[in-house]
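Computed from a predicted structure; not experimentally measured.
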Amino acid sequence: MSTPTAIAPEIPGRLADALRTGRFAVTAEIGPPRGADTTPLRRAAGVLRGWVDAVNVTDNQGATVRVSSFAGSLIALAEGVEPVMQMTCRDRNRIALQSDLLAAGAMGIPNLVLMTGDRPEQGDHADATPVFDLDSNGLMTTARTLRDEGRLLSGRAIDPPPQFLLGAVDNPVGTPDRLAQKVAGGAEFIQTQFVFDVDAFGGWMAQVRDRGLDERCGILAGVGPIRSLRALEFMAGIPGVVIPETLERRLRGVQADRVAAEGMRACVETVQALREMPGVAGVHVMVVGDERGVPEILDAAGLTRAEHPA
């Protein structure tokens with residue numbers, strides 16, 4: 001049992017309930033398709049249904065054009081999977097962002113993750129004009145004001161206000177100063193960057209607990225398998241990702257055709273260790289494009305469907 005998080009009772013959804021009660025929460029991630037066919041998204045939701053409390057629907061991740069996070073979240077709802085609608089500040093001004101926040105509330109999307117977003121030049125439209133009218137902190141303040149005060153940024157009242165759980169992302173390295181700022185701004189859960197070095201993450205979590213942040217915000221540790229040496233080298237170059245030497249030696253010490261299986265075993269061990277770490281509210285499993293790996297990881301880690309009923 002993890003530490004219960006102070007989530008208001010009127011906030012709906014399985015994820016909010018897990019955080020409120022201290023039940024170990026599980027979220028995963030779906031990348032909407034690049035074409036006008038919802039079959040891949042529905043198939044992925046079907047694989048995850050019953051295994052997770054909620055699933056992130058990404059918002060044009062990598063600054064590449066896909067089916068919108070809003071549409072993807074509605075499809076996930078229709079398939080019986082609670083969505084976490086991601087929203088970035090890259091493509092919309094404050095009018096459009098507030099409109100989407102109201103739409104999410106109106107359509108019963110219970111969870112949001114708010115972030116700045118990748119730069120356009122990283123994606124498939126490098127010449128696109130970036131908006132960034134608000135940053136992630138400004139968007140969090142906007143969403144909290146809509147929900148808790150029933151007001152737009154202009155000061156105009158709205159009735160009824162939307163109800164949703166507010167989330168953000170963070171890198172669990174150094175001190176949790178950025179986390180403290182996000183919690184002060186309204187974040188009620190955090191999904192972290194990949195955790196491969198459990199000892200280093202444990203040191204960060206000790207600081208989180210010392211500040212009492214785990215009681216105000218559910219910490220969902222990012223996990224995922226490294227399935228090739230090429231993936232290992234890619235992961236090592238991601239800001240905020242720490243690959244311990246023991247894991248690198250472990251993956252390089254097996255035959256090439258065994259790296260994927262060894263990476264899965266290491267991921268399972270990480271999930272099991274995180275379940276025992278005080279203050280960790282759950283895990284965010286990231287295997288986008290291979291959702292069938294999520295039940296495999298959770299089952300091997302002892303998180304059965306009985307603990308995450310549909």
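- A distance-only check finds no donor-acceptor pair linking the side chain of T88 to the backbone of M115 [under 3.5 Å].
- Under a 3.5 Å cut-off, the side chain of R49 and the backbone N or O of E79 do form a donor-acceptor pair.
- Shown here for Q207 and P176, the closest heavy-atom pair between the two residues is OE1-CD, 3.5 Å.
- We find that E10 and R147 are not joined by a salt bridge, their nearest charged nitrogen and carboxylate oxygen being 4.0 Å or further apart.
- Taken to the nearest 0.5 Å, the CG atom of N60 stands 8.0 Å off from the OG atom of S68.
- Checked for salt-bridge contact, R211 and D177 meet the test: a charged N lies under 4.0 Å from a carboxylate O.
- Distance alone, capped at 3.5 Å, is enough to place a donor-acceptor pair between the E82 side chain and the L15 backbone.
- Side-chain contact between P162 and L102: present, with at least one pair of heavy atoms (C-beta onward) separated by less than 4.5 Å.
- With P172 as the partner, the side chain to side chain contact (heavy atoms under 4.5 Å, CB included) test is satisfied by one option alone out of T192, I190, L179, V208: T192.
- Within the 4.5 Å cutoff, no side-chain heavy atoms of L114 are placed close to those of T142.
- In the hydrophobic clustering of ILVMFWY residues, with side-chain heavy atoms under 4.5 Å counting as a link, V242 and L220 come out apart.
- The main-chain N or O of N137 is found under 3.5 Å from a side-chain atom of D135 such that the two form a donor-acceptor pair.
- Contact of the Q191 side chain with the V113 side chain is registered, since non-hydrogen atoms from C-beta on lie closer than 4.5 Å.
- Salt-bridge check for E245 with R249: passed, with a basic side-chain N closer than 4.0 Å to an acidic carboxylate O.
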Apply side chain to side chain contact (heavy atoms under 4.5 Å, CB included) to the pair Q86 and E29, showing each step before the final yes or no. CA-CA 10 Å; Q86 288 190 355; E29 200 159 284; 3.8 Å; yes

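- Judged as a salt bridge (charged side-chain N to carboxylate O under 4.0 Å, His left out), and not counting sequence neighbours, the contacts of E248 are R252.
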Working note: D100 + R92, criterion salt bridge (charged side-chain N to carboxylate O under 4.0 Å, His left out); need CA distance, chi angles, decisive distance, verdict. CA-CA 10 Å; D100 284 351; R92 289 158 287 189; 2.7 Å; yes

Determine, step by step, whether T27 and V285 satisfy the side chain to side chain contact (heavy atoms under 4.5 Å, CB included) criterion, reporting the C-alpha distance in whole Å, the side-chain angles of both residues, the deciding distance to 0.1 Å, and the verdict. CA-CA 6 Å; T27 57; V285 188; over 6 Å; no

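- Counting heavy atoms from C-beta on, the side chains of L146 and I158 come closer than 4.5 Å.
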Residues T246, F196; criterion side chain to side chain contact (heavy atoms under 4.5 Å, CB included); working and verdict: CA-CA 10 Å; T246 52; F196 295 110; over 6 Å; no

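- Of the possible polar contacts, one joining the D118 side chain to the G62 backbone as a donor-acceptor pair under 3.5 Å is found.
- Closest approach of A76 and L41 over heavy atoms only: N-CD2, 4.3 Å.
- D199 places no side-chain N or O within donor-acceptor distance of the main-chain N or O of G202, the cut-off being under 3.5 Å.
- Atom CE of residue M235 and atom CD1 of residue I226 lie 6.0 Å apart, to the nearest 0.5 angstrom.
- Within the 4.5 Å cutoff, the side chain of L153 has heavy atoms near those of the L134 side chain.
- In this structure, the separation between CE on M264 and CD on E296 is 3.5 Å, given to the nearest 0.5 Å.
- Checking side-chain atoms of T270 against main-chain N and O of A266 turns up a donor-acceptor pair under 3.5 Å.
- The minimum heavy-atom distance linking V223 with C267 is given by the pair CB-SG, 4.4 Å.
- In plain terms, the two heavy atoms of Q272 and A300 that are nearest each other are NE2-O, 3.6 Å.
- Of the possible polar contacts, one joining the E188 side chain to the L166 backbone as a donor-acceptor pair under 3.5 Å is found.
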Between F70 and M107, is the side chain to side chain contact (heavy atoms under 4.5 Å, CB included) condition met? List the steps. CA-CA 10 Å; F70 177 64; M107 298 305 294; 3.8 Å; yes

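- Put simply, the side chain of R94 never gets that close to the backbone of S154: no donor and acceptor are under 3.5 Å apart.
- Between V173 and G240, the closest heavy-atom pair is CG1-O, 3.7 Å.
- Rounding to the nearest 0.5 Å places CD of Q98 at 10.5 Å from CZ of R151.
- F189 CZ to N111 CG: the interatomic distance, rounded to the nearest 0.5 Å, is 5.5 Å.
- We find that R66 and D59 are not joined by a salt bridge, their nearest charged nitrogen and carboxylate oxygen being 4.0 Å or further apart.
- Between F194 atom CZ and H284 atom NE2 the span is 8.0 Å, to the nearest 0.5 Å.
- Counting heavy atoms from C-beta on, the side chains of V47 and P295 come closer than 4.5 Å.
- L139 and I95 fall into different hydrophobic clusters, where Ile, Leu, Val, Met, Phe, Trp and Tyr side chains are chained together by heavy-atom contacts under 4.5 Å.
- Contact annotation: the side chain of V131 never approaches that of C89 to less than 4.5 Å [non-hydrogen atoms, C-beta and beyond].
- When all heavy atoms of S73 and M85 are compared, the closest pair comes out as OG-CB, 3.4 Å.
- Using a 4.5 Å heavy-atom cutoff, the side chains of K182 and R178 are in contact.
- Q193 and D170 share no donor-acceptor pair across their side chains, judged by distance under 3.5 Å alone.
- Under the 4.5 Å side-chain heavy-atom criterion for Ile, Leu, Val, Met, Phe, Trp and Tyr, V67 and I109 are members of distinct hydrophobic clusters.
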Worked verdict on E269 versus R250 for salt bridge (charged side-chain N to carboxylate O under 4.0 Å, His left out): CA-CA 13 Å; E269 293 165 12; R250 178 176 176 179; 2.8 Å; yes

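- By the 6.0 Å contact criterion, CZ on R265 is enclosed, its count of non-hydrogen atoms from other residues, nucleotides or ligands being greater than 12.
- Side chain of D197 to backbone of A200: a donor-acceptor contact under 3.5 angstrom is found.
- Look at E233 and R230 and you find no salt bridge, because none of the NZ, NE, NH1 or NH2 atoms lies under 4.0 Å from a carboxylate O.
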Go through it in stages, so that I can follow the logic: the residues are E215 and T5, the test is side chain to side chain donor-acceptor pair (under 3.5 Å), and I'd like the CA-CA distance, side-chain angles, deciding distance and then a yes or no. CA-CA 5 Å; E215 299 175 3; T5 306; over 6 Å; no

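- A salt bridge links R14 to D53: one of the charged nitrogens lies within less than 4.0 Å of a carboxylate oxygen.
- Scored by the ring pair (Phe, Tyr, Trp, His ring centres under 6.0 Å) test, F164 finds no partners at all (sequence neighbours excluded).
- In this structure, V26 is a member of the same hydrophobic cluster as L274, with clusters built from ILVMFWY side-chain heavy atoms closer than 4.5 Å.
- Follow the hydrophobic side-chain contacts under 4.5 Å out from V198 and you reach M205 in the same cluster.
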